[in-house]
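Below you'll find the structure, written out as structure tokens, and then a few comments.
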Amino acid sequence: MIHVRDLHLSIGDRPLLKGIDLQVERGSVWGIIGPPGGGKSLLVKTLCGLFTPDRGSIRIDGVEVCGLDEPALVPIRRKIGMLFQNNALFDFMKVWENVAFPLARLKPDLDEAALRERALMRLREVGLAGSEDKWPSELSGGMKKRVGIARATMTESPLVIYDEPTAGLDPVTTSKIYDLLEKIRQSTGATVLAISSDIQGLSTFVKNMMLVHDGQILFKGPLPALQECEDPLVHQFIRGLSEGPL
Amino acid sequence: MTRLANLLASIGAFVLGYVQASITLISIAGRSFRGIFHFRGRAKGEVLNQMYQMGNRSLVFVTVTLGALGMVLVFQVCLQINKVTGDQSQVGPEFIKGMIHAFVPILTAMMLATRIGAGIAAEIGSMVVTEQVDALRMTGVDPIDYLIVPRLIASTVMTLALGLFAMVVVILAGAFMAHTSFGVNYNVFFIFDKVLPGDMIIGVSKLIAHGAAIPIVAGYCGLTATGGSQGVGTATTRAVINASLSVIILDFIISAIGLATVQKVG
């Protein structure tokens, strides 16, 4: 599904991604962890073409993303659903309009009633029935995450990216969110990339993990192998130790 | 030697930054003008909504400010003329001509540059820093088509409409002041013989150009906002300054072209 080779990206004169190599198989579920500012969000945004890399190759479903202009990126982005770190809900739209927006762009022939009906169905699935006519500013943090998840999965894209789906949420809501993500994944069979700082919660949802630090992938592989990784930085990070290279 | 190299590098980076910014601004302007002619990506009813936000909500602001300015201007002119010749017969015709081709377009546009320009930059800037613009791009929406084009159309139409309305307001306010304070007869004030078709063409051209420039410059400032709320604040300030500067520059250019061409038409 995703093939990344020797990906480099600088912003200004600061190199932020330094030779990323990555292969994600269709239907697999990957967690992306790492210290803050290591390049996790930047990596997934670059995969979507939101940043232009300095060099390297990104292929999604066999199509090269690097070097494409905005109109050429549209068909690739239609294959991707994304929950942004800050939810990125459109504050000038009601909840149901936010959720329906990607579908309205994908299927312009659907009328407002049909779009609303589909959005309401998705909102019920994420436990937000009755919130459809609220504005994003009227929602709690957990509700905003749910709306973001509903929007990201509305078109049932083959690739879904969740950037910090549980950041700032309490343990119970976190657990419910991961259950919800798993339920949606099972129903759609989508390939998933999920960024989180909550390794424990993330481990209940993903099968594979990669650790990104300083623009490089220090570890990638199945979840059990992460515990056995001998890299001192990985060791320190996953155990939350105060002593170590970090 | 190192100091000189550092200085040259700083100058080079400064110039390159401006060149890059100019290219981006020109690109946004080009894509915005192209976007007017197709409906791809534009939200339904957004142009009318923006026209209401920009036009109706600026009406009182423009009317009060320009009405007051018109009265002050006429009062001062009449006062000075009284000290010299006392002949007020030319105040009205000259005032009307000056307002139509010079003062009203630039004053209306400067006022809208602050009100509309700040609003556009703050709105789009906050969408950028909260990743809403990225979310739009992820759904295949071009932020320029979706955010700037409706504002460009609305601002152009409403700046023209407000400018024409302001011309009427300022002339009426000026006439009222001349009549009540200096006894100038309305028949003497309202002489339009000096207003040539060229004056009207220049006035209207300026209003259209200024109305188009404000959302493009402000939209560019919003789209290039970085960071958090501080970045939005900086973008808003840049938008007001740059939109006002663009209005002044365009005004000079159109005035010069107008003087050389259409202002003599009559």
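We name chains A, B, ... by the order of the sequence lines, and we start the count at 1 in each one.
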Which residues in residues 123-139 of chain B have any heavy atom lying under 4.5 Å from a heavy atom of chain A? Met127(B), Thr130(B), Glu131(B), Gln132(B), Asp134(B), Ala135(B), Leu136(B), Arg137(B), Met138(B), Thr139(B)
Part of residues 22-34 of chain B lying next to chain A, heavy-atom separation under 4.5 Å: none
Going by atom types only, do Lys206(B) and Ser255(B) share a side-chain donor-acceptor pair under 3.5 Å? yes
List in chain and number order the residues that pass salt bridge (Lys or Arg N to Asp or Glu O under 4.0 Å) with Glu138(A), two or more places apart in sequence or in another chain; answer none if no residue qualifies. none
For Arg146(A) and Ser131(A), does a side-chain donor sit closer than 3.5 Å to a side-chain acceptor? no
Look at Lys40(A) together with Asp163(A) and state whether they make a salt bridge at an N to O cut-off of under 4.0 Å. no
Return yes when atom NZ of Lys176(A) has more than 12 non-hydrogen atoms of other residues, nucleotides or ligands closer than 6.0 Å, and no otherwise. no
Does Lys134(A) have any salt bridge (Lys or Arg N to Asp or Glu O under 4.0 Å) partners at least two apart in sequence or in another chain, and if so, which? none
Got Lys144(A) and Leu89(A) here, is their nearest side-chain heavy-atom distance under 4.5 Å? yes
Does Met93(A) offer a backbone N or O that forms a donor-acceptor pair with the side chain of Asn98(A) under 3.5 Å? yes
Are any non-hydrogen side-chain atoms of Met54(B) and Arg151(B) less than 4.5 angstrom apart? yes
